[in-house]
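One-based numbering, in listed order, for ligands and for the atoms of each.
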Amino acid sequence: MKYDRNRNEDFLTLVHTGDEYDKYLHAVVPPVFLNSLHVYDSIEAYHGADMFSDDDFIYGRVSNPTVHILERKIAELEHGSRALAFASGMAAFSSAIMATCQTGSHVICMKDVYMPVKRMFDAVFGPKLHMTLSFVTGNDLKEIEDAVQENTDLMILESPASFTFRVVDLKAIARLAHEKGFKTYMDNTCLTPIFQKPLDLGIDISMHTMSKYIGGHSDIIGGVLVSKDEELMRTIMTQSREFFGGILGPMEAWLAIRGLRTLDVRMQRFCETGTAVAGYLEKHEKVKQVHYTGLASHPQADIIARQQKGHSSLLSFELDTKDPEAAVAFVNRLRLFGKGCSWGGHESLASLPFYKETESALSLIQGNRGLIRIYCGLEGCDNLMADLDQSFKHL
Ligand SMILES: *Cc1c(COP(=O)(O)O)cnc(C)c1O
């Protein structure tokens, strides 16, 4: 798939969906609705309000007009029928689990998904709801088929995975899931809908953590679920979100809408910078291996070419030494890259995601403690490469 900067179907959604000038006193930007409730002229009108429509609102824990504008944009971008925004990515994830699984459900999970997802099974879904989990690499349909049990309700996917940058064939997995009767949940945070649309490949639920590229300025926490399955989304809205109460705040929604207006331009720049920095690292004599979906040397380049339109500015690499302390020293000497865990904002970051992991977590993902993950922000790729260069000189 090819990204075409001049003919992007997403432009009008990013820039204009939700701009209903006559509804908002001709304000060029829709307001933040900070009200907790909406009042009606009569009891009949109040009870007649339809919380699934674009115009009726009752109470802020159920829905909010600013949050709804964001949800309409995300639904359009992902080609879903409806999106629902939550107070964090994990709130969105746990709501998706509650809507698709039940006590005793079996879930198939890719080994290298976001780590708190796996920890939540160990801490909550396993002990409290007697749910079981089977890990797969996701690379082999036979492996997934073998993992399916009578009570398999869901498969959790992340492609590319945000530490190892392995990908899976989303279309093939979605087809298998529909055949076998379980749903698929996919974390699409890394590529955003600009570069990948999992629902079009048959995935049931796509999730975005909005503190990353969508927010884009390291100033909000939020998550969103989107699906083509209207019934499923109504269930999530009226059960998971309304009762657990994890709706996104209106101010955060307003900031996410603001982030979306420039998402396409930022993603183009992130893709260029990520590709340049990955190429620089791959050629460096002190680097053993670079993990990045935009490299021709990626072992799954064929799948990537089929399902991705572009690449993020997030990548990981291994130094040509087995000593994790060398990686720590390398990262500590970087000046432009802050040492921190998140990504997707304006500022570059570096971390050692597996440095403190347990042996069993490491063996599950075949990761090593010295793996360095960098997020390239908007400081410009020459500046970032110069910073990496000065730290390499000390190695
Ligand atoms: C940050 C992140 C999450 C978690 O999102 P929160 O908003 O912190 O709950 C989930 N998946 C990926 C890929 C992430 O990077």
Subject >> Under 3.5 Å donor-acceptor, Ser313 side chain and Cys376 backbone >> reply: yes

Original post:
For Ile303, does its backbone N or O pair with a side-chain atom of Asp169 as donor and acceptor, under 3.5 Å?
Top reply: no

**OP:** Would you mind finding which of Met207, Lys212, Met90 brings a heavy atom closest to atom 9 (O) of ligand 1?
**Re:** Met90

Residue, atom name and distance, where the atom is the protein heavy atom closest to [atom]:
atom: atom 8 (O) of ligand 1; answer: Tyr114 OH, 4.2 Å
atom: atom 10 (C) of ligand 1; answer: Thr209 OG1, 3.2 Å
atom: atom 13 (C) of ligand 1; answer: Asp187 OD2, 3.3 Å

Original post:
Taking only heavy atoms of Gly89, which atoms of ligand 1 are found under 4.0 Å from at least one of them?
Top reply: 5 (O), 6 (P), 7 (O), 9 (O)

Original post:
Considering only heavy atoms of Trp343, which atoms of ligand 1 have at least one such atom less than 4.0 Å away?
Top reply: 15 (O)

**OP:** Please report the closest heavy-atom contact between Pro353 and Met115, naming both atoms and the distance.
**Re:** O-CE, 4.1 Å

Would you call the rings of [X] and [Y] parallel, tilted or perpendicular, where under 30° means parallel and over 60° means perpendicular?
X: Tyr292; Y: His311; answer: tilted
X: Phe163; Y: Phe354; answer: tilted
X: Tyr280; Y: Phe392; answer: tilted

**OP:** Please verify whether a non-hydrogen atom of Glu158 lies at under 4.0 Å from ligand 1.
**Re:** yes

**OP:** Run the contact test for Gly223 against ligand 1 with a 4.0 Å cut-off on heavy atoms, strictly below, and give the result.
**Re:** no

Subject >> Ser162 N/O under 3.5 Å from ligand 1 N/O >> reply: no

Subject >> Lys/Arg cation over aromatic Tyr213: Arg266, 6.0 Å, 45° cone >> reply: no

